[in-house]
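Everything on this sheet refers to the single structure shown next.
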Amino acid sequence: MSYISGARSLPDEQVRIASTKMDGIGPKKAIQLRYRLGISGNIKRNELTKYQIDQIEQMIAQDHVVHWELKRGERADIERLISISRYRGIRHQDGSPLRGQRTHTNARTARKQIRK
């Protein structure tokens, strides 16, 4: 088991699949990344050299917001909504559904957290 930019990847996994397991990198960005580095999509993770892995990590760090940075940004957005007392912020704070879902009969896990 190895890590590329904080995402766990199996050694016998294809690079195109392993790169999409990183938060913030989808199939399209994974294709663009491989194309810019000149790496084949069918190559396995354990066939990459140390130099290629370093290149992948550098390219991701330069161009994309991934993993902890992405999660930190999401949390900052939620905190901003809470601080300005927006409706969505209040729903986040209460642990209730945000997007107009029914709460009378559904959202049991969210309501269970409220009751405690």
Side-chain angles (χ1 to χ4, degrees):
M1 195 84 53
S2 61
Y3 291 87
I4 297 177
S5 294
R8 208 180 324 169
S9 63
L10 298 172
D12 59 342
E13 202 169 42
Q14 291 181 353
V15 174
R16 65 185 177 91
I17 295 170
S19 57
T20 58
K21 292 192 177 179
M22 293 178 227
D23 293 333
I25 303 256
K28 191 169 183 175
K29 284 185 182 178
I31 290 169
Q32 290 172 350
L33 184 72
R34 283 193 338 264
Y35 180 74
R36 287 173 63 187
L37 294 174
I39 297 172
S40 171
N42 296 329
I43 193 170
K44 302 274 185 185
R45 164 63 187 86
N46 58 358
E47 296 172 5
L48 291 176
T49 63
K50 180 70 175 158
Y51 178 72
Q52 288 175 324
I53 293 170
D54 291 340
Q55 276 188 320
I56 290 171
E57 289 182 349
Q58 285 177 352
M59 187 81 62
I60 289 171
Q62 287 175 356
D63 300 338
H64 305 291
V65 178
V66 291
H67 209 54
W68 296 114
E69 297 169 12
L70 185 67
K71 292 188 185 299
R72 188 180 312 125
E74 289 174 358
R75 188 66 202 155
D77 291 342
I78 292 169
E79 290 296 325
R80 183 182 53 82
L81 291 172
I82 291 170
S83 69
I84 62 175
S85 299
R86 291 288 304 255
Y87 180 73
R88 274 181 48 209
I90 294 167
R91 300 295 279 184
H92 266 293
Q93 203 170 21
D94 293 343
S96 300
L98 308 175
R99 299 180 180 174
Q101 292 94 334
R102 180 182 173 92
T103 57
H104 181 69
T105 57
N106 294 336
R108 294 192 185 276
T109 55
R111 288 189 298 130
K112 193 182 295 180
Q113 293 171 355
I114 293 169
R115 282 189 223 149
K116 288 183 179 179

Kindly write out the residues that satisfy side-chain contact (heavy atoms from CB on, under 4.5 Å) with R86, not counting sequence neighbours, or none if the list is empty. L81, I84

Suppose we screen for side-chain contact (heavy atoms from CB on, under 4.5 Å). Which residues come up paired with Q101, at least two apart in sequence or across chains? P97, R99

Value rounded to 0.5 Å, distance of CG in L33 from CD1 in I25: 6.0 Å

Going from CD1 on I39 to CD1 on I56, what distance comes out if it is rounded to the nearest 0.5 angstrom? 4.0 Å

Enter the distance from L70:CG to H64:NE2 here, rounded to the nearest 0.5 Å. 12.5 Å

Hey, can you pull the donor-acceptor pairs under 3.5 Å for the side chains in residues 15-22, sequence neighbours left out?
from: R16; atom 1: NE; to: Q14; atom 2: OE1; distance (Å): 2.8
from: R16; atom 1: NH2; to: Q14; atom 2: OE1; distance (Å): 3.1
from: S19; atom 1: OG; to: V15; atom 2: O; distance (Å): 3.0
from: S19; atom 1: OG; to: R16; atom 2: O; distance (Å): 3.3
from: T20; atom 1: OG1; to: I17; atom 2: O; distance (Å): 2.7
from: K21; atom 1: NZ; to: E13; atom 2: OE2; distance (Å): 2.6

Verify the cluster assignment for V65 and I60: are they in a single hydrophobic cluster under the rule of side-chain heavy atoms below 4.5 Å apart? no

With sequence neighbours excluded, residues passing side-chain contact (heavy atoms from CB on, under 4.5 Å) with L98: R91, H92

Give me the other members of the hydrophobic cluster that I78 sits in, counting Ile, Leu, Val, Met, Phe, Trp and Tyr linked by side-chain heavy atoms under 4.5 Å, directly or via other members. I82

Who are the side-chain contact (heavy atoms from CB on, under 4.5 Å) partners of T49, not counting sequence neighbours? Y51, Q52

Which residues pass the side chain to side chain donor-acceptor pair (under 3.5 Å) test with K44, sequence neighbours left out? none

Pairs in or reaching into residues 29-43: which pass side chain to side chain donor-acceptor pair (under 3.5 Å), with residues at least two apart or in two chains? R36-D63

Same apolar cluster (I L V M F W Y, side chains within < 4.5 Å links), I31/L48: no

With sequence neighbours left out, what residues match K28 under salt bridge (Lys or Arg N to Asp or Glu O under 4.0 Å)? none

Who passes salt bridge (Lys or Arg N to Asp or Glu O under 4.0 Å) against R75, sequence neighbours left out? E79

How would you list, by chain and number, every residue that makes a salt bridge (Lys or Arg N to Asp or Glu O under 4.0 Å) with D77, sequence neighbours excluded? none

